[in-house]
2 protein chains.
Amino acid sequence: MGISVIERNHLEVLRAVNAGGSLTAAAERLHLTQSALSHSIRKLEQQLGTPLWLREGRQLQLTQAGKYLLALANRLLPQFEHAELQIDQFARGQAGTLRIGMECHPCYQWLLKVVGPYLGHWPMVDVDVKQKFQFGGIGALFGHDIDLLVTPDPLHRPGLVFEPVFDYEQVLVVHSGHRLAHNDWISAQDLEPEILITYPVAVERLDVYTHLLLPANIRPARHKTIETTDIMLQMVAAGRGVAALPRWLVQEYQQRMAIVPVQLGETGIGKQIFLGCRERDRNVDYLSAFMKLATEVRWQGIGQGIGQGIAPGVLSGVISDVVSTN
Amino acid sequence: MGISVIERNHLEVLRAVNAGGSLTAAAERLHLTQSALSHSIRKLEQQLGTPLWLREGRQLQLTQAGKYLLALANRLLPQFEHAELQIDQFARGQAGTLRIGMECHPCYQWLLKVVGPYLGHWPMVDVDVKQKFQFGGIGALFGHDIDLLVTPDPLHRPGLVFEPVFDYEQVLVVHSGHRLAHNDWISAQDLEPEILITYPVAVERLDVYTHLLLPANIRPARHKTIETTDIMLQMVAAGRGVAALPRWLVQEYQQRMAIVPVQLGETGIGKQIFLGCRERDRNVDYLSAFMKLATEVRWQGIGQGIGQGIAPGVLSGVISDVVSTN
DNA sequence: ACATATCCATGAATTCTATTCACGTTAGGC
DNA sequence: GCCTAACGTGAATAGAATTCATGGATATGT
């Protein structure tokens, strides 16, 4: 049983040197003398039996072992840091922070409806929403970057649990004066001359494509991507293109914009959104409470939409809370 | 910027106390005095601002914060430990250990054909095969428990890369005197009176079910599960049941056993096996070399089978090398 | 080419931290 | 009620990590 040689400390050093570029800069970051760092590094290298940097002139070049440790540092240090925050919350009598990841753009509006009541029931829990993941939502769950994942693509695997939280219909949104505005439904051919606006994600994740366009082997005249739902709908209302969004979402905006939802395809495109978490976390009370609440909200008005809409002020207020991981 | 308070050290304490049940036992494990532990724990608890254990009489009960840290320890410590081993290998001039995970039972025979040449080309790389995963193969990849995954269910997600490595046909194996032995193909109805032998995995992962039985809503008379391919085929050869396996595998055993492969379903069941790794690792030379070699082996005789079979001795010899994670 | 500013390494001195030792306290078993 | 097993505490000590002072090496600018 070899005793521990790599300490958290060492990982901090690797990260700092990498970030600072030089030993001296790293020392500064760590509130240490350059000398201290030099000593500590030398000792570590001695214990490991291999150098971590090649000293080329006054440049430090990571060796293979060094790169390996740096990767480890980037992986583990965030977990240490988050653990400290979490424990600090425990210490203050709070239950912790629920980090929710979102893989589906328009679900944000739905999430807000759940988060509101949730925060009321669990005053000692903070909620944090993340929307960008280096390794995708699933990776973020496995990597403990988030605790819950809202996604249209569940993945029933050992270690993860998904539950459907709501169903909706994906429809085409067009300007109310649009030639397709009064169609019963839209075919792939109907879209051929159109400008299609979508979120900037891979085509495989866009249902208009997978369910309608790709099977018919048809592409719209143009395909533009826009990040935000609001701007997207502004474009549609201005007659500058068409978009595919959940029906309930369109209905909420319909009050104040000249837009119309139209069924996509002969049978319509049905979608399901899932909420997933790590299996181990199922007995974390404030987490399972969120899942329970989320599944209950399902029956409470999504799809009826109009009248339950959220005031724009509230909406944008909460949106600004969103934290994005690089 | 709060400075680090949780150290690897502390995680070791959490784990040791949990394993030992008492402070004294834990101290023993850590080659420390009980007093040292007590001091160190007190300091940690002070810094965190919350107790990690409730002292109930002479029993230690983990608090919420303590449980949280214990989970962290169980997650992070193995990574530290593996990193130390890996760096030790770097230090000895070795490239490291390639940890291959397997999610498909019969692929083992295929893997052997790749590992042999690979070990020849990369004398400084060790290979380790793992077959059980707490969180499934994907979880093991994300959690850095393995570096490569052999699986029939690839998952194209950001952060992971999969490549097909070989195709094969899944066939029914029956005793050569079996009533179905000379059928052109097998229908779901044909299986109804049979005893079906499979590996002990979920029905959804068995192609006989997903492709044949479930669609027809038919179940075989009995369903037995057996761990090992050899015993499974012994059973089949003894007329005690039928099984579904890759055609090439059956052909290899056919030389020394009275068994016959028969096509499953009218069109046959085609399968593809994939090799996956973390995207970041793609530029690790010895790892990408394995993937390259694996894709090349595809054309070299799998499916022709007979004559290239592996001698039973070699086979079982290597099988015993398999390391299973709890 | 020379001075200069950076940057890293080293050894001895120092400060700080972890560990031990010795003892006290508490809870449960017989 | 006494004995054992287990944890807590304070002072003493052994052992680390950190600093200080310094020197050598390498780029940069004039």
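Labels below follow one simple rule: chain letters A, B, ... track the order of the sequence lines, proteins then strands, and each chain is numbered from 1.
A donor-acceptor contact under 3.5 angstrom links the side chains of A:Ser4 and B:Glu12, judged on distance only. Side-chain contact, A:Thr50 with A:Glu45: no donor N or O sits under 3.5 Å from an acceptor N or O.
With hydrogens and angles ignored, the 3.5 Å screen pairs a side-chain donor or acceptor of B:Thr63 with a backbone N or O of B:Gly66. Side-chain atoms of A:Ser38 do not come within 3.5 Å of backbone N or O of A:Gln34 as any donor-acceptor pair. Between the side chain of B:Glu279 and the main chain of B:Gly159, a donor-acceptor pair closer than 3.5 Å is present.
Using a 30° and 60° split on the angle between ring planes, A:Phe135 and B:Phe142 fall in the tilted class, from 30° to 60°. The aromatic rings of A:Phe290 and A:Tyr118 stand perpendicular to each other, their planes meeting at an angle above 60°, with 30° marking the opposite boundary.
The local environment of CD in B:Gln64 is crowded, with over 12 non-hydrogen atoms from other residues, nucleotides or ligands closer than 6.0 Å.
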| message | Set out, in order, the CA-CA distance, both residues' side-chain angles and the distance that settles side-chain hydrogen bond (donor to acceptor under 3.5 Å, both in side chains) for A:Asp126 and A:Gln89, then state yes or no. | response | CA-CA 9 Å; A:Asp126 286 350; A:Gln89 287 190 299; 2.9 Å; yes
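Within residues 14-26 of chain B, the residues approached by DNA chain D to less than 4.0 Å at the level of any non-hydrogen atom are B:Ser22, B:Leu23, B:Thr24, in residue-number order. For the segment residues 34-46 of chain B, the set of residues with a heavy atom within less than 4.0 Å of an atom of DNA chain C comprises B:Ser35, B:Ala36, B:His39, B:Lys43, in numerical order.
Over its full length, the helix from C:dA1-D:dT30 to C:dC30-D:dG1 turns its helical axis through 30°, comparing axes from the five pairs at each end and rounding to 10°.
Between B:Lys132 and B:Glu103 there is no salt bridge, since no side-chain N of the basic residue sits under 4.0 Å from a carboxylate O of the acidic one.
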